2 protein chains.
Amino acid sequence: MNTNEILKKCPLFSGLGEREIAEVTAISTSKRYPKGALIFSEDEEAKGFFVVISGKVKVYKLSLEGKEQILHIVSPGETFAEAALFAGSTYPAFAESLAQTQVLYFSKQGFLNLIRENPQISLNIIASLSHWLRKFVSLVEELSLKDISTRLSKYLMDLSAKSGRSSERGIEFELDISKSQLASRLGTISETLSRALKKLRDRGIIKVEGKKISILQKEALEEISSGIPL
Amino acid sequence: MNTNEILKKCPLFSGLGEREIAEVTAISTSKRYPKGALIFSEDEEAKGFFVVISGKVKVYKLSLEGKEQILHIVSPGETFAEAALFAGSTYPAFAESLAQTQVLYFSKQGFLNLIRENPQISLNIIASLSHWLRKFVSLVEELSLKDISTRLSKYLMDLSAKSGRSSERGIEFELDISKSQLASRLGTISETLSRALKKLRDRGIIKVEGKKISILQKEALEEISSGIPL
DNA sequence: CGCCACATTGAAGGCAGTCAAAGGTGGTGG
DNA sequence: CCACCACCTTTGACTGCCTTCAATGTGGCG
(Lines give C-alpha, C1' and ligand atoms only; values in the text may rest on other atoms or scores of the structure.)
Protein backbone atom coordinates (compact mmCIF):
# COMPACT_ATOMS: atom_id res chain seq x y z
CA MET A 1 0.00 0.00 0.00
CA ASN A 2 1.41 3.42 -0.86
CA THR A 3 1.66 6.48 1.30
CA ASN A 4 -1.40 8.19 -0.10
CA GLU A 5 -3.68 5.24 0.46
CA ILE A 6 -2.46 4.91 4.04
CA LEU A 7 -3.09 8.59 4.69
CA LYS A 8 -6.61 8.40 3.32
CA LYS A 9 -7.58 5.57 5.62
CA CYS A 10 -5.97 7.29 8.61
CA PRO A 11 -8.77 8.54 10.89
CA LEU A 12 -6.89 11.78 11.50
CA PHE A 13 -7.34 12.80 7.88
CA SER A 14 -10.73 11.33 7.11
CA GLY A 15 -13.18 13.67 5.44
CA LEU A 16 -10.40 15.46 3.56
CA GLY A 17 -10.38 15.81 -0.22
CA GLU A 18 -7.53 15.03 -2.60
CA ARG A 19 -6.33 18.60 -2.43
CA GLU A 20 -6.11 18.65 1.35
CA ILE A 21 -4.38 15.27 1.41
CA ALA A 22 -1.81 16.73 -0.95
CA GLU A 23 -1.28 19.61 1.50
CA VAL A 24 -0.88 17.12 4.31
CA THR A 25 1.75 15.22 2.39
CA ALA A 26 3.47 18.47 1.50
CA ILE A 27 4.13 19.50 5.09
CA SER A 28 5.28 16.08 6.24
CA THR A 29 8.67 14.44 6.07
CA SER A 30 9.19 10.77 5.33
CA LYS A 31 11.51 8.96 7.72
CA ARG A 32 12.79 5.39 7.76
CA TYR A 33 14.05 3.37 10.68
CA PRO A 34 15.67 -0.06 10.82
CA LYS A 35 14.34 -2.62 13.28
CA GLY A 36 15.14 -1.68 16.89
CA ALA A 37 15.71 2.03 16.31
CA LEU A 38 14.83 4.53 19.03
CA ILE A 39 12.42 7.03 17.49
CA PHE A 40 12.19 9.25 20.54
CA SER A 41 12.86 9.07 24.25
CA GLU A 42 10.82 9.90 27.30
CA ASP A 43 11.21 13.54 28.40
CA GLU A 44 12.66 14.49 25.02
CA GLU A 45 11.22 17.71 23.63
CA ALA A 46 8.16 16.92 21.54
CA LYS A 47 8.74 18.65 18.23
CA GLY A 48 6.22 16.70 16.20
CA PHE A 49 4.16 13.57 15.79
CA PHE A 50 4.09 10.52 13.52
CA VAL A 51 1.94 8.44 11.21
CA VAL A 52 3.11 4.89 10.57
CA ILE A 53 3.17 4.05 6.87
CA SER A 54 4.73 0.60 7.10
CA GLY A 55 6.30 -1.51 9.80
CA LYS A 56 5.46 -1.41 13.50
CA VAL A 57 6.31 0.83 16.43
CA LYS A 58 6.07 0.21 20.17
CA VAL A 59 5.39 3.06 22.57
CA TYR A 60 6.52 2.13 26.07
CA LYS A 61 7.56 3.13 29.56
CA LEU A 62 10.59 1.80 31.44
CA SER A 63 11.04 1.37 35.19
CA LEU A 64 14.35 2.13 36.89
CA GLU A 65 15.00 -1.61 37.09
CA GLY A 66 14.48 -1.92 33.35
CA LYS A 67 11.03 -3.50 33.29
CA GLU A 68 9.05 -2.42 30.26
CA GLN A 69 5.35 -1.59 29.95
CA ILE A 70 4.12 -1.26 26.40
CA LEU A 71 1.44 1.40 26.08
CA HIS A 72 0.59 0.73 22.46
CA ILE A 73 1.76 -1.09 19.37
CA VAL A 74 1.29 1.26 16.43
CA SER A 75 0.44 -0.29 13.06
CA PRO A 76 0.30 1.25 9.57
CA GLY A 77 -2.38 3.94 9.30
CA GLU A 78 -2.18 4.80 12.99
CA THR A 79 -0.69 7.88 14.59
CA PHE A 80 1.35 8.30 17.74
CA ALA A 81 2.57 11.14 19.93
CA GLU A 82 -0.15 13.49 18.68
CA ALA A 83 -1.20 14.21 22.27
CA ALA A 84 2.30 15.40 23.05
CA LEU A 85 1.70 18.41 20.80
CA PHE A 86 -1.15 19.72 22.91
CA ALA A 87 -0.21 18.96 26.51
CA GLY A 88 3.21 19.36 27.97
CA SER A 89 6.24 19.90 25.82
CA THR A 90 7.94 16.52 26.06
CA TYR A 91 7.15 12.98 24.98
CA PRO A 92 5.77 11.00 27.92
CA ALA A 93 7.24 7.66 26.78
CA PHE A 94 9.74 5.93 24.52
CA ALA A 95 9.06 4.89 20.92
CA GLU A 96 11.01 2.17 19.12
CA SER A 97 10.56 0.43 15.78
CA LEU A 98 9.83 -3.31 16.03
CA ALA A 99 10.60 -3.87 12.36
CA GLN A 100 11.88 -1.84 9.46
CA THR A 101 9.49 1.08 9.57
CA GLN A 102 8.50 4.07 7.48
CA VAL A 103 6.72 7.00 9.09
CA LEU A 104 5.52 10.43 8.10
CA TYR A 105 6.69 13.09 10.51
CA PHE A 106 4.72 16.27 11.13
CA SER A 107 6.42 19.15 12.87
CA LYS A 108 4.35 20.75 15.58
CA GLN A 109 4.21 24.15 13.93
CA GLY A 110 3.40 22.85 10.48
CA PHE A 111 0.62 20.72 11.82
CA LEU A 112 -0.89 23.51 13.92
CA ASN A 113 -1.01 25.64 10.79
CA LEU A 114 -2.71 22.80 8.96
CA ILE A 115 -5.39 22.58 11.65
CA ARG A 116 -6.04 26.29 11.42
CA GLU A 117 -6.93 25.97 7.75
CA ASN A 118 -8.77 22.66 8.08
CA PRO A 119 -11.06 22.74 11.12
CA GLN A 120 -12.29 19.26 10.22
CA ILE A 121 -8.94 17.93 11.35
CA SER A 122 -9.43 19.20 14.87
CA LEU A 123 -12.61 17.16 15.12
CA ASN A 124 -10.66 14.14 13.92
CA ILE A 125 -8.04 14.79 16.57
CA ILE A 126 -10.73 14.88 19.23
CA ALA A 127 -12.01 11.53 18.02
CA SER A 128 -8.52 10.09 17.96
CA LEU A 129 -7.66 11.32 21.46
CA SER A 130 -10.97 10.03 22.81
CA HIS A 131 -10.21 6.66 21.33
CA TRP A 132 -6.79 6.59 22.98
CA LEU A 133 -8.39 7.58 26.25
CA ARG A 134 -10.71 4.58 26.10
CA LYS A 135 -7.78 2.30 25.41
CA PHE A 136 -5.91 3.62 28.42
CA VAL A 137 -8.93 3.26 30.67
CA SER A 138 -9.06 -0.39 29.62
CA LEU A 139 -5.35 -0.80 30.24
CA VAL A 140 -5.64 0.70 33.73
CA GLU A 141 -8.57 -1.56 34.46
CA GLU A 142 -6.68 -4.65 33.35
CA LEU A 143 -3.48 -3.82 35.21
CA SER A 144 -5.26 -3.00 38.43
CA LEU A 145 -8.19 -5.39 38.51
CA LYS A 146 -7.44 -8.46 36.36
CA ASP A 147 -4.94 -11.28 36.70
CA ILE A 148 -2.55 -12.34 33.98
CA SER A 149 -4.68 -15.20 32.63
CA THR A 150 -7.62 -12.87 32.24
CA ARG A 151 -5.55 -10.22 30.45
CA LEU A 152 -4.02 -12.83 28.16
CA SER A 153 -7.39 -14.36 27.33
CA LYS A 154 -8.84 -10.97 26.51
CA TYR A 155 -5.88 -10.19 24.26
CA LEU A 156 -6.31 -13.49 22.43
CA MET A 157 -10.05 -12.97 22.03
CA ASP A 158 -9.50 -9.47 20.63
CA LEU A 159 -6.80 -10.61 18.26
CA SER A 160 -8.83 -13.59 17.06
CA ALA A 161 -11.75 -11.26 16.32
CA LYS A 162 -9.45 -9.01 14.31
CA SER A 163 -7.38 -11.48 12.36
CA GLY A 164 -8.63 -15.00 13.11
CA ARG A 165 -9.58 -17.55 10.45
CA SER A 166 -11.95 -20.40 11.18
CA SER A 167 -10.73 -23.94 10.54
CA GLU A 168 -11.73 -27.42 11.64
CA ARG A 169 -9.36 -26.99 14.59
CA GLY A 170 -11.02 -23.82 15.81
CA ILE A 171 -10.06 -20.20 15.21
CA GLU A 172 -6.48 -19.78 14.04
CA PHE A 173 -4.30 -16.70 13.93
CA GLU A 174 -0.76 -15.48 14.45
CA LEU A 175 0.52 -13.34 17.27
CA ASP A 176 1.28 -9.90 15.87
CA ILE A 177 4.27 -9.46 18.20
CA SER A 178 6.81 -11.68 19.96
CA LYS A 179 5.87 -13.32 23.23
CA SER A 180 8.32 -11.13 25.15
CA GLN A 181 6.66 -8.07 23.69
CA LEU A 182 3.24 -9.49 24.46
CA ALA A 183 4.30 -10.03 28.06
CA SER A 184 5.38 -6.41 28.23
CA ARG A 185 2.09 -5.27 26.69
CA LEU A 186 0.17 -7.27 29.32
CA GLY A 187 2.20 -5.75 32.13
CA THR A 188 4.22 -8.83 32.98
CA ILE A 189 7.39 -10.70 31.96
CA SER A 190 8.01 -13.50 29.50
CA GLU A 191 8.33 -16.24 32.14
CA THR A 192 4.93 -15.43 33.60
CA LEU A 193 3.34 -15.20 30.16
CA SER A 194 4.84 -18.56 29.23
CA ARG A 195 3.24 -20.13 32.29
CA ALA A 196 -0.11 -18.50 31.56
CA LEU A 197 -0.07 -19.88 28.01
CA LYS A 198 0.87 -23.29 29.37
CA LYS A 199 -2.14 -23.29 31.70
CA LEU A 200 -4.47 -22.55 28.78
CA ARG A 201 -2.71 -25.23 26.70
CA ASP A 202 -2.90 -27.85 29.46
CA ARG A 203 -6.66 -27.34 29.70
CA GLY A 204 -7.05 -27.82 25.97
CA ILE A 205 -8.41 -24.31 25.51
CA ILE A 206 -5.78 -23.22 23.00
CA LYS A 207 -3.02 -24.73 20.91
CA VAL A 208 0.30 -22.93 20.57
CA GLU A 209 2.91 -23.52 17.87
CA GLY A 210 5.41 -20.69 17.92
CA LYS A 211 3.45 -17.60 16.99
CA LYS A 212 0.49 -19.60 15.67
CA ILE A 213 -2.42 -19.83 18.09
CA SER A 214 -5.53 -21.97 17.71
CA ILE A 215 -8.52 -21.35 19.94
CA LEU A 216 -10.02 -24.77 20.57
CA GLN A 217 -12.66 -23.78 23.14
CA LYS A 218 -13.86 -20.29 22.41
CA GLU A 219 -16.50 -20.32 25.16
CA ALA A 220 -13.97 -21.28 27.83
CA LEU A 221 -11.59 -18.55 26.70
CA GLU A 222 -14.43 -16.05 26.65
CA GLU A 223 -15.31 -16.97 30.24
CA ILE A 224 -11.76 -16.54 31.47
CA SER A 225 -11.39 -13.23 29.64
CA SER A 226 -14.50 -11.94 31.38
CA GLY A 227 -13.10 -12.77 34.77
CA ILE A 228 -14.23 -16.27 35.69
CA PRO A 229 -11.13 -17.65 37.47
CA LEU A 230 -9.06 -20.28 35.69
CA MET B 1 -17.59 30.72 44.29
CA ASN B 2 -20.56 31.03 41.97
CA THR B 3 -21.29 29.09 38.81
CA ASN B 4 -20.10 31.78 36.44
CA GLU B 5 -16.72 32.14 38.10
CA ILE B 6 -16.21 28.38 38.04
CA LEU B 7 -17.08 28.24 34.36
CA LYS B 8 -14.64 31.01 33.52
CA LYS B 9 -11.74 29.25 35.15
CA CYS B 10 -12.69 25.93 33.53
CA PRO B 11 -10.11 25.15 30.84
CA LEU B 12 -12.82 23.93 28.51
CA PHE B 13 -14.29 27.41 28.23
CA SER B 14 -11.17 29.53 28.44
CA GLY B 15 -10.85 32.20 25.80
CA LEU B 16 -14.60 32.74 25.67
CA GLY B 17 -16.17 36.13 26.23
CA GLU B 18 -19.06 37.00 28.57
CA ARG B 19 -21.54 36.45 25.78
CA GLU B 20 -20.32 32.97 24.96
CA ILE B 21 -20.21 32.01 28.63
CA ALA B 22 -23.84 33.05 28.83
CA GLU B 23 -24.62 30.75 25.89
CA VAL B 24 -22.79 27.94 27.62
CA THR B 25 -24.82 28.44 30.77
CA ALA B 26 -27.98 28.60 28.72
CA ILE B 27 -27.62 25.12 27.22
CA SER B 28 -26.60 23.46 30.46
CA THR B 29 -28.69 22.04 33.27
CA SER B 30 -27.75 22.32 36.92
CA LYS B 31 -27.95 19.09 38.89
CA ARG B 32 -27.40 18.35 42.57
CA TYR B 33 -26.43 15.08 44.17
CA PRO B 34 -26.18 14.09 47.84
CA LYS B 35 -23.02 12.36 49.06
CA GLY B 36 -22.73 8.83 47.71
CA ALA B 37 -25.06 9.25 44.72
CA LEU B 38 -24.41 7.29 41.53
CA ILE B 39 -24.14 9.84 38.72
CA PHE B 40 -23.77 7.30 35.95
CA SER B 41 -22.83 3.65 35.53
CA GLU B 42 -20.37 1.86 33.31
CA ASP B 43 -21.89 0.85 29.95
CA GLU B 44 -24.77 3.27 30.40
CA GLU B 45 -25.55 5.28 27.29
CA ALA B 46 -23.50 8.50 27.32
CA LYS B 47 -25.99 11.28 26.73
CA GLY B 48 -23.87 14.12 28.00
CA PHE B 49 -20.96 15.27 30.12
CA PHE B 50 -20.42 17.22 33.32
CA VAL B 51 -18.63 20.16 34.92
CA VAL B 52 -18.25 20.05 38.68
CA ILE B 53 -19.33 23.32 40.30
CA SER B 54 -19.00 22.29 43.93
CA GLY B 55 -18.33 19.07 45.80
CA LYS B 56 -16.28 16.14 44.56
CA VAL B 57 -16.84 13.21 42.20
CA LYS B 58 -14.95 9.95 41.83
CA VAL B 59 -14.74 8.22 38.46
CA TYR B 60 -13.91 4.54 38.94
CA LYS B 61 -13.87 1.00 37.65
CA LEU B 62 -15.03 -2.08 39.54
CA SER B 63 -13.79 -5.66 39.24
CA LEU B 64 -16.16 -8.60 39.43
CA GLU B 65 -14.98 -9.22 43.00
CA GLY B 66 -15.84 -5.66 43.92
CA LYS B 67 -12.36 -4.16 44.05
CA GLU B 68 -12.37 -0.52 43.01
CA GLN B 69 -9.84 1.42 40.93
CA ILE B 70 -10.35 5.17 41.00
CA LEU B 71 -9.45 6.74 37.66
CA HIS B 72 -9.85 10.33 38.76
CA ILE B 73 -11.17 12.52 41.52
CA VAL B 74 -12.95 15.46 39.91
CA SER B 75 -12.86 18.79 41.75
CA PRO B 76 -14.74 22.04 41.11
CA GLY B 77 -13.85 23.58 37.75
CA GLU B 78 -12.99 20.22 36.20
CA THR B 79 -14.95 18.26 33.64
CA PHE B 80 -15.60 14.54 33.34
CA ALA B 81 -17.03 12.16 30.74
CA GLU B 82 -16.31 14.57 27.90
CA ALA B 83 -14.41 11.85 26.04
CA ALA B 84 -17.51 9.65 26.11
CA LEU B 85 -19.19 12.06 23.71
CA PHE B 86 -16.65 11.48 20.96
CA ALA B 87 -15.72 7.80 21.19
CA GLY B 88 -18.11 5.00 21.79
CA SER B 89 -21.63 5.61 22.95
CA THR B 90 -21.43 4.51 26.57
CA TYR B 91 -19.63 5.67 29.68
CA PRO B 92 -16.51 3.58 30.27
CA ALA B 93 -16.66 3.80 34.09
CA PHE B 94 -18.80 4.67 37.09
CA ALA B 95 -19.16 8.14 38.60
CA GLU B 96 -20.23 8.79 42.17
CA SER B 97 -20.37 11.92 44.33
CA LEU B 98 -18.04 11.87 47.34
CA ALA B 99 -19.80 14.80 48.98
CA GLN B 100 -22.84 16.90 48.31
CA THR B 101 -22.15 17.98 44.74
CA GLN B 102 -23.45 20.42 42.17
CA VAL B 103 -22.68 19.89 38.50
CA LEU B 104 -23.59 21.45 35.21
CA TYR B 105 -24.80 18.89 32.71
CA PHE B 106 -24.37 19.32 28.96
CA SER B 107 -26.37 17.13 26.63
CA LYS B 108 -24.37 15.67 23.79
CA GLN B 109 -26.38 17.37 21.06
CA GLY B 110 -26.46 20.75 22.71
CA PHE B 111 -22.74 20.70 23.25
CA LEU B 112 -21.95 19.58 19.70
CA ASN B 113 -23.98 22.55 18.47
CA LEU B 114 -22.03 24.83 20.77
CA ILE B 115 -18.74 23.56 19.36
CA ARG B 116 -19.92 24.23 15.84
CA GLU B 117 -20.46 27.88 16.63
CA ASN B 118 -17.36 28.27 18.81
CA PRO B 119 -14.38 26.55 17.18
CA GLN B 120 -12.20 27.77 20.04
CA ILE B 121 -13.92 25.22 22.25
CA SER B 122 -12.73 22.32 20.12
CA LEU B 123 -9.15 23.40 20.70
CA ASN B 124 -9.88 23.52 24.42
CA ILE B 125 -11.29 20.01 24.22
CA ILE B 126 -8.13 18.81 22.52
CA ALA B 127 -6.06 20.32 25.31
CA SER B 128 -8.29 18.79 27.94
CA LEU B 129 -8.20 15.32 26.38
CA SER B 130 -4.42 15.51 25.96
CA HIS B 131 -4.12 16.37 29.61
CA TRP B 132 -6.25 13.39 30.61
CA LEU B 133 -4.13 11.20 28.36
CA ARG B 134 -0.98 12.23 30.20
CA LYS B 135 -2.61 11.47 33.51
CA PHE B 136 -3.58 7.99 32.36
CA VAL B 137 -0.11 7.29 31.02
CA SER B 138 1.21 8.14 34.48
CA LEU B 139 -1.38 5.93 36.10
CA VAL B 140 -0.48 3.00 33.86
CA GLU B 141 3.18 3.53 34.60
CA GLU B 142 2.58 3.58 38.34
CA LEU B 143 0.34 0.54 38.40
CA SER B 144 2.64 -1.52 36.23
CA LEU B 145 6.11 -0.41 37.25
CA LYS B 146 6.04 1.06 40.78
CA ASP B 147 5.40 -0.46 44.19
CA ILE B 148 2.89 0.89 46.67
CA SER B 149 5.36 2.92 48.73
CA THR B 150 6.57 4.67 45.59
CA ARG B 151 3.04 5.46 44.43
CA LEU B 152 2.06 6.72 47.86
CA SER B 153 5.15 8.91 48.15
CA LYS B 154 4.51 10.42 44.74
CA TYR B 155 0.90 11.14 45.67
CA LEU B 156 1.99 12.84 48.88
CA MET B 157 4.64 14.89 47.09
CA ASP B 158 2.12 16.02 44.47
CA LEU B 159 -0.50 16.90 47.05
CA SER B 160 2.00 18.77 49.23
CA ALA B 161 3.06 20.81 46.21
CA LYS B 162 -0.56 21.67 45.51
CA SER B 163 -1.90 22.41 48.96
CA GLY B 164 0.95 22.16 51.47
CA ARG B 165 1.82 24.87 53.99
CA SER B 166 5.28 25.17 55.47
CA SER B 167 5.60 25.07 59.25
CA GLU B 168 8.36 24.40 61.76
CA ARG B 169 7.39 20.73 61.61
CA GLY B 170 7.81 20.47 57.85
CA ILE B 171 5.20 20.73 55.11
CA GLU B 172 1.67 20.19 56.36
CA PHE B 173 -1.49 19.44 54.45
CA GLU B 174 -4.71 17.44 54.59
CA LEU B 175 -5.59 14.42 52.50
CA ASP B 176 -8.27 15.46 50.04
CA ILE B 177 -10.00 12.07 50.25
CA SER B 178 -10.39 9.28 52.81
CA LYS B 179 -7.64 6.70 53.19
CA SER B 180 -9.86 3.98 51.73
CA GLN B 181 -10.42 6.15 48.67
CA LEU B 182 -6.74 6.93 48.47
CA ALA B 183 -5.98 3.22 48.54
CA SER B 184 -8.38 2.72 45.66
CA ARG B 185 -6.80 5.61 43.76
CA LEU B 186 -3.36 4.03 44.22
CA GLY B 187 -4.60 0.67 42.98
CA THR B 188 -4.53 -1.12 46.32
CA ILE B 189 -6.64 -1.68 49.44
CA SER B 190 -6.85 0.15 52.74
CA GLU B 191 -4.86 -2.46 54.72
CA THR B 192 -1.91 -2.20 52.37
CA LEU B 193 -2.06 1.59 52.36
CA SER B 194 -2.16 1.62 56.14
CA ARG B 195 1.01 -0.47 56.25
CA ALA B 196 2.72 1.76 53.68
CA LEU B 197 1.91 4.85 55.74
CA LYS B 198 3.18 3.09 58.85
CA LYS B 199 6.52 2.35 57.19
CA LEU B 200 6.96 6.03 56.31
CA ARG B 201 5.91 7.01 59.83
CA ASP B 202 8.29 4.53 61.49
CA ARG B 203 11.20 6.01 59.54
CA GLY B 204 10.30 9.50 60.65
CA ILE B 205 9.66 10.64 57.10
CA ILE B 206 6.08 11.75 57.68
CA LYS B 207 3.70 12.33 60.56
CA VAL B 208 0.09 11.22 60.28
CA GLU B 209 -2.81 12.45 62.43
CA GLY B 210 -6.06 11.37 60.82
CA LYS B 211 -6.19 13.20 57.51
CA LYS B 212 -3.44 15.63 58.49
CA ILE B 213 -0.03 14.76 57.03
CA SER B 214 3.28 16.41 57.84
CA ILE B 215 6.28 15.78 55.65
CA LEU B 216 9.27 15.76 58.00
CA GLN B 217 11.95 14.67 55.53
CA LYS B 218 11.11 15.99 52.11
CA GLU B 219 14.31 14.70 50.52
CA ALA B 220 13.73 11.15 51.72
CA LEU B 221 10.16 11.19 50.44
CA GLU B 222 11.35 12.60 47.13
CA GLU B 223 13.82 9.74 46.81
CA ILE B 224 11.25 7.07 47.50
CA SER B 225 8.79 8.67 45.09
CA SER B 226 11.39 8.54 42.36
CA GLY B 227 11.94 4.85 42.86
CA ILE B 228 14.76 4.41 45.36
CA PRO B 229 13.56 1.39 47.37
CA LEU B 230 12.35 1.96 50.91
C1' DC C 1 -24.43 6.48 74.79
C1' DG C 2 -24.10 3.40 71.19
C1' DC C 3 -23.95 2.65 66.41
C1' DC C 4 -21.40 2.45 62.07
C1' DA C 5 -18.11 3.38 58.81
C1' DC C 6 -13.38 3.95 58.63
C1' DA C 7 -8.81 2.60 60.11
C1' DT C 8 -5.20 -0.29 62.04
C1' DT C 9 -2.72 -4.49 63.03
C1' DG C 10 -1.56 -9.48 62.84
C1' DA C 11 -1.28 -13.99 60.65
C1' DA C 12 -1.53 -16.74 56.63
C1' DG C 13 -1.75 -17.63 51.74
C1' DG C 14 -1.26 -16.79 46.69
C1' DC C 15 0.04 -14.69 42.45
C1' DA C 16 3.52 -13.00 40.08
C1' DG C 17 8.53 -11.69 39.90
C1' DT C 18 13.48 -13.21 40.30
C1' DC C 19 17.20 -16.18 39.47
C1' DA C 20 19.15 -19.86 37.01
C1' DA C 21 19.59 -23.08 33.36
C1' DA C 22 18.35 -25.57 29.39
C1' DG C 23 16.03 -25.86 24.95
C1' DG C 24 14.60 -23.71 20.66
C1' DT C 25 14.80 -20.53 16.62
C1' DG C 26 16.30 -17.54 13.15
C1' DG C 27 19.84 -15.07 10.96
C1' DT C 28 24.65 -14.59 9.36
C1' DG C 29 28.77 -15.65 7.48
C1' DG C 30 32.13 -18.98 6.40
C1' DC D 1 24.80 -25.88 3.26
C1' DC D 2 25.87 -25.85 7.59
C1' DA D 3 27.79 -24.12 11.85
C1' DC D 4 27.65 -20.75 15.01
C1' DC D 5 25.75 -17.15 17.74
C1' DA D 6 22.43 -14.16 19.58
C1' DC D 7 18.05 -13.88 21.11
C1' DC D 8 13.69 -15.74 22.44
C1' DT D 9 11.17 -19.15 24.99
C1' DT D 10 10.34 -22.53 28.44
C1' DT D 11 10.74 -24.75 32.91
C1' DG D 12 11.91 -25.23 37.83
C1' DA D 13 12.81 -23.58 42.47
C1' DC D 14 12.49 -19.83 45.43
C1' DT D 15 11.26 -15.21 47.16
C1' DG D 16 8.46 -11.38 48.24
C1' DC D 17 4.85 -8.06 47.82
C1' DC D 18 0.40 -7.67 48.22
C1' DT D 19 -4.18 -9.55 49.31
C1' DT D 20 -7.25 -12.02 52.27
C1' DC D 21 -9.26 -13.00 56.52
C1' DA D 22 -10.05 -11.80 61.12
C1' DA D 23 -10.05 -9.02 65.12
C1' DT D 24 -9.60 -4.80 67.48
C1' DG D 25 -9.40 0.28 67.72
C1' DT D 26 -11.38 4.93 66.80
C1' DG D 27 -13.98 8.93 65.65
C1' DG D 28 -18.20 11.20 64.19
C1' DC D 29 -23.10 11.59 64.63
C1' DG D 30 -27.86 10.63 65.65
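Only a predicted model underlies this, so the values are computations on that prediction, with no experimental measurement involved. To find a chain, count down the sequence lines: A is the first, B the second, and so on, and within it residues start at 1.
What separates CD of Q181(B) from P of dA7(C) is a distance of 9 Å, to the nearest Å. Taking atom CG of residue L200(A) and atom P of nucleotide dT10(D), one finds them 13 Å apart after rounding to whole Å. K67(B) places its NZ atom 12 Å from the C1' atom of dC15(C), with the value rounded to the nearest Å. The nearest whole Å value for the distance from the CG atom in D147(B) to the C1' atom in dA16(C) is 15 Å. As rounded to whole Å, 14 Å separates atom C1' of dA5(C) from atom NZ of K179(B). The nearest whole Å value for the distance from the CG atom in L186(B) to the P atom in dT19(D) is 11 Å. Between the CG atom of L182(B) and the C1' atom of dT8(C) there is a distance of 15 Å, rounded to whole Å. Here the P atom of nucleotide dA7(C) and the CZ atom of R201(B) are 13 Å apart, to the nearest Å.
A donor-acceptor contact closer than 3.5 angstrom links the side chains of T79(A) and E82(A).
For the OP1/OP2 pair of dA7(C) and a distance below 4.0 Å, the side-chain nitrogens and oxygens of K211(B) include no atom meeting the criterion. Between S178(B) and dA5(C), a side-chain N or O to OP1/OP2 separation shorter than 4.0 Å is absent. Put simply, T188(A) has a side-chain N or O that comes within less than 4.0 Å of OP1 or OP2 on dG17(C). Taking only side-chain nitrogens and oxygens, S194(B) comes nearer than 4.0 Å to OP1 or OP2 of dT8(C). OP1 and OP2 of dT8(C) both lie 4.0 Å or more from every side-chain N or O belonging to K198(B).
Between K154(B) and D158(B) there is a salt bridge, with a side-chain nitrogen of the basic residue lying less than 4.0 Å from a carboxylate oxygen of the acidic one.
No engagement by L197(A) is indicated, since no non-hydrogen atom pair under 4.0 Å with the nucleic acid exists. Counting non-hydrogen atoms under 4.0 angstrom, G36(B) reaches nothing in the nucleic acid. Heavy atoms of L193(B) sit nowhere under 4.0 angstrom from any nucleic acid atom.
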Dump the pairs, protein N or O against N or O of nucleotides 19-29 of chain C, anything under 3.5 Å, distances to one decimal.
{"from": "dC19(C)", "atom 1": "N4", "to": "E191(A)", "atom 2": "OE2", "distance (Å)": "3.3"}

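Counting heavy-atom neighbours within 6.0 Å of K135(B) NZ, excluding the residue itself, gives a total of 12 or less.
Distances were taken from every side-chain heavy atom of S180(B) (C-beta onward) to each of dA7(C), dC18(D), dT9(D); the shortest belongs to dA7(C). Closest contact between the side chain of S190(A) and the listed nucleotides dT10(D), dA16(C), dT19(D) involves dT10(D).
Residue Y60(B) forms a side chain to side chain donor-acceptor pair (under 3.5 Å) with just one option from Q181(B), Q69(B), E96(B), and that option is E96(B). Residue E68(B) is tested with K58(B), R185(B), K61(B) for a salt bridge (Lys or Arg N to Asp or Glu O under 4.0 Å); the sole match is K58(B).
Between F80(A) and F50(A), the angle of the ring planes stays under 30°, which puts this pair in the parallel group of the 30/60° scheme.
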Worksheet item: Given the rule in the ring pair (Phe, Tyr, Trp, His ring centres under 6.0 Å) test, do F106(A) and F13(A) qualify, once you have shown the distances and angles that lead to the verdict?
Response: CA-CA 13 Å; F106(A) 294 83; F13(A) 303 115; 5.8 Å; yes
